[in-house]
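Chain identifiers are assigned alphabetically (A, B, ...) following the order of the sequence lines, protein sequences preceding nucleic acid strands; residue numbering begins at 1 within each chain.
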Amino acid sequence: MGRAVCLVAVTLATVAVLSNAGPALTIPLGAMLVLVLPGYAWLGAVRHHEPQLLANGALVVMASMGLAIVLGLELNLLPGGLTRHKWVAGLSLVTVTGLATSWMRGRAIPGPSHPFSTLRGPSSATGLKIIVVILLFGATGSISVASQNAWIERQHFSELALTRSGEVPVVYVRNLEGRRITYTVTVWVGRQRTTRFRVRLGSGRRFTRPLNATPVRRSDKATLKVTLDRPGAPLPYRTVFLRRPKYA
Amino acid sequence: VIVVALGGLAVAIAYALSRAEAPGAIALYWVGQALIVVPVALRVLSPSADARERMALLAAMAAVQSLLVWCYSPDQFRFPDELQHVRTAADILGTHHLFHPNSYLEVSPGFPGMEEITTALVLLTGMSLFHAGLLTASVVHLALPICLFLLYRELTNNGRIAGIATLIYTTAPHYAYFNALFVYSAVALPFLVLALRYAVRSYQRKKSTLCIALPFVPMMYTHHLTAFVGLAFLAAVAIIVGLSPGGRSIGLRLACTTAGLALAPTILWTGRRSPSTFSYLEGPVHEVLSSVTHPGGSEHPRAIASAAPHWESLVAMSAAGITAACVLGGVALVWRQEASRFVRLVTVLGLTYPALLVVRIVAPNGPELATRALTYGMLLAAFPAAAALVRLWPSHGSGVRAVFATAIVATLAVGAIVTGLPPSWERLPGRFHVAAFESGVDRNVTAAGEWAQENWSPYQRIACDFSTCSMFAGYARANVSTAASPVYYAPSMAVLDQRLSVLTSDYVAVDQRWTRQTPATGRYFFRDVLEGAHTRPLAPSLLVKFDTNPRIDRLYDNGPIQLYDTRKVWGG
């Protein structure tokens, strides 16, 4: 990868990120703009090269990170702070400045102009090994994600909560039982049951409803209690309450 | 490399078996670890490998370790230290500015290097904070062994010793797991190694000493302790260079550069941006000093007896003994045989390792302090230990010597696993533990954190246990109390009211599982006043009082976890 390729990569990354080109482009190009291109340009500028590809790669990444850290502190001083546009502009400027310096110094100092000047393509055997390793890594990741998802799915429960919208209490139910459930929600003011309704929720779905919980025959300081029941669970399955709320 | 990747696959299958509560998980875990370590050790130790192969193997091992950190928790950050930085990163994403206060880790916003990179990745790629943080941590973990190799090669001009020294560094207890997590010390470490490399290079190749500032500056903005350790190491290198033949002027320049471009900016930055860092670091330093000057004089809460198998303790002790023997032998060997006074003097710095072993034994919190300190101490100890191993397996050595040297490294690696993280009781994921690290964050804890994130404004004050606090602070951006344990232990309603009034906490979280499990960490809460004394689970009556107090509302219930609004108690 020479200076020209680096310049093209910066341009592509800038355009892709600013135009929200979709994850297939923004993830690799955005990551390159943060983790590769600034360090690549500046290591070329200071003519810092190691004989091994991996060594150059590590130095490029660490140099990019170092530049991003210092750049972030500068961007923080600007009005608006660390926004996407400022990061793109800043990182592109750092990279292009590095490339320009590299180009100018290249006219005076002979030698390789960029960290991967001596890079050769891998042999077919090495390429095959790399493919096998990638496949093994893929299998490792897939097994982990699948087993973690299964582990999470095995943890079945439901959530009941009371929030407020202004002064109005709002009941919240979320089904994490892994199957469709018909819940019974009961609202009590003091010892008086004021409302009861059923809610049928699919797995992962949530439900909210404001409560018109006016006290009945008692002072307006009675406790508002909501219970949630589901078939097969001991009663009450879930309970939440507000002590002496201001009723709507 | 393929065998190393197969080892990673075996460990991932062990994790999956453990989550499914199937037998054989722990055996497969150790088989996988052996596949990761032994082939790498064998080839890196071998005289026939070249520098490229050694670097590739060490990088492959680091890549598998990063992969396994992700496999351990592939859907979200769970380790408390990671969630401390999630909080800082979320604040940066929310406000677009640095230095927002973070009550979960007060010193974190003053050292935002890692979070800057992560939030830049979030903004530019559209990735989630979890994936961007994972990418940052993994890339850095991959770069670390390569930077280490370059440091040791600069010092010795010998690819084999450099590879073996790097291999020995990988047996530092926190290398494989903690330093592959989304924590700021992990990101700062390669910068420290590069700064040291440039310091060594200034003498060995007569290069400019100014180069040390290039990695030091970002390191200074990333992690306080690494910066301070870096200052100490650079000062030591400057002195050694000054004492070496023809090194007086270079040593002086190095000292001036360290003072002007590293020490002064570090002190100014820390003093201005995060002055609490000094008191944050003072505690452990004071603990070590007082325990060394007055052994046995300080009291520290008893830890619950370790649940680790007995053989693990034996291997850990053997590994420490072997490392110390290698370091001492290496120092003697280099001192006798090496022509360069510079290299001989650098080797002496390896005696840091035995000193850390003393801290481990005499300090009240010795094992944890020594384990953390070894992240830095092993940088110095790895070189003499490598010299000893090279002597053990010389170029014309027999197969027996090869097996012996490999067995030594394998023992050190097992020692690192059993003394490092995750601890034995959560080495495999899947089983819930109250008030724990990753194993304390199950779906109930996560759901409560998600609900709080959606329904509470940031900076609500909450009392909670070690596990739930990490979710509330990390994702719901709440201010978690570190002095809440007396509230939970209040024996009566009146005492509860009085303690809540002192604490002025907006919310209290309760996990009913506290009444069924004792905490494996020895404490339920941050600064638990009963730390180390929990031989039985909490009495249910201690939790019932939150339901019967007439001024406390129960806002949330998911079965094990309830959230209470306690503001009416103290008039909030």
**Fill in**
One option among Ala16(B), Pro145(B), Ser18(B) has the most heavy-atom pairs under 4.5 Å with chain A, and it is Ala16(B)
**Item:** His96(B) (side chain) donor-acceptor with Leu82(A) (main chain) under 3.5 angstrom
**Value:** yes
**Item:** Choice from Ile152(A), Leu75(A), Leu77(A) maximising heavy atom contacts with chain B below 4.5 Å
**Value:** Ile152(A)
**Asked** Under a 4.5 Å heavy-atom cutoff, which of Arg153(B), Arg52(B), Met219(B), Gln562(B) has the most pairs with chain A?
**Response** Arg153(B)
**Asked** Between Asp557(B) and Phe157(A), is any pair of side-chain heavy atoms under 4.5 Å apart?
**Response** no
**Prompt:** Picking from Pro560(B), Gly126(B), Ala447(B), Pro190(B), which has the most non-hydrogen pairs under 4.5 angstrom with chain A?
**Reply:** Ala447(B)
**Prompt:** Is the shortest heavy-atom distance from the side chain of Gln52(A) to the side chain of Arg54(B) under 4.5 Å?
**Reply:** no
**Item:** Largest heavy-atom contact set with chain B, pairs under 4.5 Å, which of Pro23(A), Ala31(A), Pro28(A), Ala13(A)
**Value:** Ala31(A)
**Asked** Taking Asp553(B) for the side chain and Arg243(A) for the main chain, is one N or O donor matched with an acceptor at less than 3.5 Å?
**Response** yes
**Asked** Which heavy-atom pair separates Ile146(B) from Ala55(A) by the least distance, and what is that distance?
**Response** CG2-CA, 3.6 Å
**Item:** Most contacts with chain A, counted as non-hydrogen pairs under 4.5 angstrom, among Trp70(B), Tyr15(B), Phe99(B)
**Value:** Trp70(B)
**Item:** Which atoms of Asp565(B) approach chain A - backbone, side chain, both or neither, heavy atom under 4.5 Å
**Value:** neither
**Message:** Under a 4.5 Å cutoff for heavy-atom pairs, which residue among Pro74(B), Ala20(B), Pro429(B) has the most contacts with chain A?
**Reply:** Pro74(B)
**Item:** Least distance between heavy atoms, Ala56(B) atom then Leu54(A) atom
**Value:** CA-CD1, 3.4 Å
**Request:** For Thr26(A) and Thr125(B), indicate whether the former's side chain and the latter's backbone hold a donor-acceptor pair under 3.5 Å.
**Result:** yes
**Message:** Determine whether a donor-acceptor pair (N or O, by modelled atom type, separation under 3.5 Å) exists between the side chain of Trp151(A) and the backbone of Gly430(B).
**Reply:** yes
**Carboxylate-amine/guanidinium contact Glu450(B) Arg174(A), below 4.0 Å** = yes
**Request:** Please determine, among Arg84(A), Arg154(A), Gln148(A), the option with the most heavy-atom pairs under 4.5 Å with chain B.
**Result:** Gln148(A)
**Item:** Check against side-chain contact (heavy atoms from CB on, under 4.5 Å), Val240(A) and Leu555(B)
**Value:** CA-CA 6 Å; Val240(A) 290; Leu555(B) 299 183; 5.9 Å; no
**Request:** Among the options Asn149(A), Val133(A), Asn20(A), pick out the one with the most heavy-atom pairs lying under 4.5 Å from chain B.
**Result:** Val133(A)
**Asked** Which is it for Lys129(A) and Val1(B) under the side-chain contact (heavy atoms from CB on, under 4.5 Å) test, yes or no, and what are the steps along the way?
**Response** CA-CA 8 Å; Lys129(A) 281 180 196 167; Val1(B) 174; over 6 Å; no
**Message:** Does any backbone or side-chain atom of Ile92(B) lie under 4.5 Å from a heavy atom of chain A? Answer side chain, backbone, both or neither.
**Reply:** side chain
**Asked** Would you say the side-chain atoms of Glu159(A) pair up with the backbone N or O of Asn558(B), donor to acceptor, closer than 3.5 Å?
**Response** no
**Heavy-atom pairs under 4.5 Å with chain B, option from Ile143(A), Leu73(A), Leu228(A) with the top count** = Leu73(A)
Just list the side-chain donor-acceptor pairs under 3.5 Å for residues 57-66 of chain A, sequence neighbours left out, or say none.
| residue | atom | partner | partner atom | Å |
| --- | --- | --- | --- | --- |
| Ser64(A) | OG | Leu35(A) | O | 3.2 |
| Ser64(A) | OG | Val36(A) | O | 3.1 |
| Ser64(A) | OG | Gly39(A) | N | 2.8 |
| Ser64(A) | OG | Val60(A) | O | 2.9 |

**Message:** Report which part of Ile2(B) has an atom under 4.5 Å of a heavy atom belonging to chain A: side chain, backbone, both, or neither.
**Reply:** both
**Item:** Toward chain A, the part of Asp442(B) with a non-hydrogen atom under 4.5 Å
**Value:** both
**Asked** Is the backbone of His97(B) close enough, under 3.5 Å, to the side chain of Asn76(A) for a donor and an acceptor to pair up by distance?
**Response** no
**Fill in**
Looking only at heavy atoms, the pair that brings Gln155(A) and Arg443(B) closest together is OE1-N, 2.7 Å
**Pairs of heavy atoms under 4.5 Å with chain B: top-ranked of Val226(A), Leu160(A), Val17(A)** = Leu160(A)
**Request:** Determine the minimum heavy-atom distance between Leu136(A) and Ala5(B), stating which atoms define it.
**Result:** CD1-CB, 3.7 Å
**Message:** One pair to check against side-chain contact (heavy atoms from CB on, under 4.5 Å): Ile69(A) and Phe191(B). What are the steps and the verdict?
**Reply:** CA-CA 12 Å; Ile69(A) 289 169; Phe191(B) 288 122; 4.0 Å; yes
